[in-house]
There are 2 protein chains.
Amino acid sequence: MSDPSAEALQPLTPDEEALVRALGHVMYVLPRTIDADMVNDRQLPLTEYTALMNLSEAPGRRMRMNELASACHLSLSGMTRTIIRLETQGLVKRERCEEDARGWNAVLTDAGFARLEESWPSHLAAVRRRFLQHFEGFDLAQLARAFRGAGTAETTD
Amino acid sequence: MSDPSAEALQPLTPDEEALVRALGHVMYVLPRTIDADMVNDRQLPLTEYTALMNLSEAPGRRMRMNELASACHLSLSGMTRTIIRLETQGLVKRERCEEDARGWNAVLTDAGFARLEESWPSHLAAVRRRFLQHFEGFDLAQLARAFRGAGTAETTD
DNA sequence: CATAGTTGCTTGAACGAGCAACTGCCTACT
DNA sequence: AGTAGGCAGTTGCTCGTTCAAGCAACTATG
């Protein structure tokens, strides 16, 4: 980064420029829109939904805080605070980790699972309407690969 | 949203699912990465860069707060605070709007313009490395159209 | 076995966003 | 003219981030 080579400095072509401008929609408006849809619909914010969803898919419906934080693209401290909110709602409980007593597991409760089942149609509908619908006709697998790469450098440096 | 029709509720295909999971990278890690690159490189956060850039392209290098906020995909209140930060750095100044005394114009100063010129290579490099590079081989214009649509519903409702 | 260093998580502070409530100016209608 | 309502912008509170500090438990070394 501190040595932006000549090659990297080529100005954007019009198509690239248009894409970069459009990127703002995906980075900024899309997450807010999905979150707002879910809050309006079922009162479960996207962050909390994502946490519950990841837990529901984990073996034993439990995960270490670290793991869960990175699965949710959240910082560890953000995860701690999210789990506290979910715990006070009874949707999650915390248990000391068996094999490493420093660690904690967040465990999905039955109430949490029920809440998730109640919310997923809302999430699914939001994702379809706000996101997938706009990518009909694309090679989704190729697109997924590109999305997964975004935010990384991945090349020789 | 409150009436998720049967059609919207079809579960995701594996490709769709993969794409939705990958979306997290674009929504959460990409903006942080670009911002971090720019902060490390030239000490100008992405939000402030975007504001200066939009101002520099506007006639008279000035814009109403409203306009600027939506160009930057920022809420109006977020814009207010961003402009305050930029103002204390002397990169922008505020002037009452001639034709409507409710309004304010944010005006790019010469110092602001200089700061922008100093920063754009860093921004360009970050955007190429972290984003565009991963979309080689795509139809960029088509992609831009899809990105622009994301976050909206755009259909009959 | 003791002690030093490391790791997992929590907590606090400072900061950047968002939304919602508020202020102040404009406009339009009676 | 006067008043009702709407739009522009700012401010208060919540949530998330980073960074730093702290504690408890693990590991490795003497």
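From a predicted model like this one, the values you see are computed outputs, not experimental measurements. All chains are named by letter (A, B, ...) in the order of the sequence lines, taking the proteins before the strands, and each is independently numbered beginning at 1.
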Heavy-atom distance under 4.5 Å between the side chains of [X] and [Y], does that happen here?
X        : Y       : answer
A/Leu55  : A/Arg61 : no
B/Met38  : B/Pro45 : no
A/Leu30  : B/Val26 : no
A/Arg128 : B/Leu12 : yes
A/Leu46  : A/Val39 : no
A/Asp139 : B/Asp15 : no
B/Leu19  : B/Glu16 : no
B/Leu68  : B/Ile83 : yes

Taking atom [atom2] of [N] as reference, at what distance in whole Å does atom [atom1] of [X] sit?
X       : N      : atom1 : atom2 : result
B/Asp35 : C/dC15 : CG    : P     : 16 Å
B/His73 : C/dC19 : NE2   : P     : 14 Å
B/Leu74 : C/dG16 : CG    : P     : 12 Å
B/Leu68 : D/dG9  : CG    : P     : 10 Å

Members of [range] that approach DNA chain C, where some heavy atom sits under 4.0 Å away:
range                     : result
residues 44-58 of chain B : B/Thr47
residues 20-34 of chain A : A/Arg32
residues 82-90 of chain A : A/Ile84

Using a cutoff of under 3.5 Å, can you pull out all pairs of nitrogen or oxygen atoms linking the protein to nucleotides 3-5 of chain D, with atom names and distances?
none

Of A/Asn105 and B/Ser77, whose closest DNA chain C nucleotide lies nearer the 5' terminus?
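Checking each residue's closest nucleotide, the 5'-ward one belongs to A/Asn105.
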Can you list the residues that meet the side chain to side chain contact (heavy atoms under 4.5 Å, CB included) rule with A/Glu57, with sequence neighbours excluded?
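Expected list: A/Met53, B/Arg21.
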Set of residues satisfying side chain to side chain contact (heavy atoms under 4.5 Å, CB included) with respect to B/Arg32, sequence neighbours excluded
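Side chain to side chain contact (heavy atoms under 4.5 Å, CB included) list for B/Arg32, sorted by chain: B/Tyr28.
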side-chain hydrogen bond (donor to acceptor under 3.5 Å, both in side chains) pairs, two or more places apart, involving residues 98-110 of chain A:
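Residue pairs with at least one partner in residues 98-110 of chain A: A/Asp100-A/Arg102.
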Could you list all N or O pairs between the protein and nucleotides 6-8 of chain D that sit under 3.5 Å apart?
unit_1 : atom_1 : unit_2   : atom_2 : d
D/dG6  : N2     : B/Arg102 : NH1    : 3.2
D/dC7  : O2     : B/Arg102 : NH1    : 3.0
D/dA8  : OP2    : B/Asn66  : ND2    : 3.3
D/dA8  : O3'    : B/Arg64  : NH2    : 3.4

Run the side-chain donor-acceptor check on residues 85-92 of chain A: report pairs under 3.5 Å with partners two or more places apart or on a different chain.
unit_1  : atom_1 : unit_2  : atom_2 : d
A/Arg85 : NE     : A/Glu48 : OE2    : 3.0
A/Glu87 : OE1    : A/Arg94 : NE     : 3.4
A/Glu87 : OE1    : A/Arg94 : NH2    : 3.1
A/Thr88 : OG1    : A/Arg85 : O      : 2.8
A/Gln89 : NE2    : A/Glu48 : OE1    : 3.3
A/Gln89 : NE2    : A/Arg85 : O      : 3.4

Check: B/Arg94 side chain, D/dG9 base, donor-acceptor under 3.5 Å:
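Result: no qualifying N/O pair found.
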Without placing hydrogens or testing angles, list every side-chain donor-acceptor pair under 3.5 Å for residues 140-148 of chain A, not counting sequence neighbours.
none

Closest to the A/Thr80 side chain, choosing from C/dT11, C/dA20, D/dC13
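Selected nucleotide (nearest to the side chain): C/dT11.
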Going by ring-ring contact (aromatic ring centres under 6.0 Å, His included), name the residues that satisfy it together with B/Phe138, two or more places apart in sequence or in a different chain.
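Per chain and number, B/Phe138 pairs via ring-ring contact (aromatic ring centres under 6.0 Å, His included) with B/Phe135.
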Specify the residue among B/Met79 and A/Ala101 whose closest nucleotide of DNA chain D lies further upstream toward the 5′ end.
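Going by which nucleotide is closer to the 5' end, it is B/Met79.
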Checking A/Thr33 against B/Thr152 for the side-chain contact (heavy atoms from CB on, under 4.5 Å) test, could you report, in this order, the C-alpha distance in whole Å, the side-chain angles of both residues, the deciding distance, and whether it holds?
CA-CA 8 Å; A/Thr33 308; B/Thr152 72; over 6 Å; no
Atom pairs and distances, side-chain donor-acceptor, residues 69-81 of chain A, under 3.5 Å, sequence neighbours left out:
unit_1  : atom_1 : unit_2  : atom_2 : d
A/Ser70 : OG     : A/Glu67 : O      : 3.2
A/Ser75 : OG     : A/Gly78 : N      : 3.0
A/Thr80 : OG1    : A/Leu76 : O      : 3.2

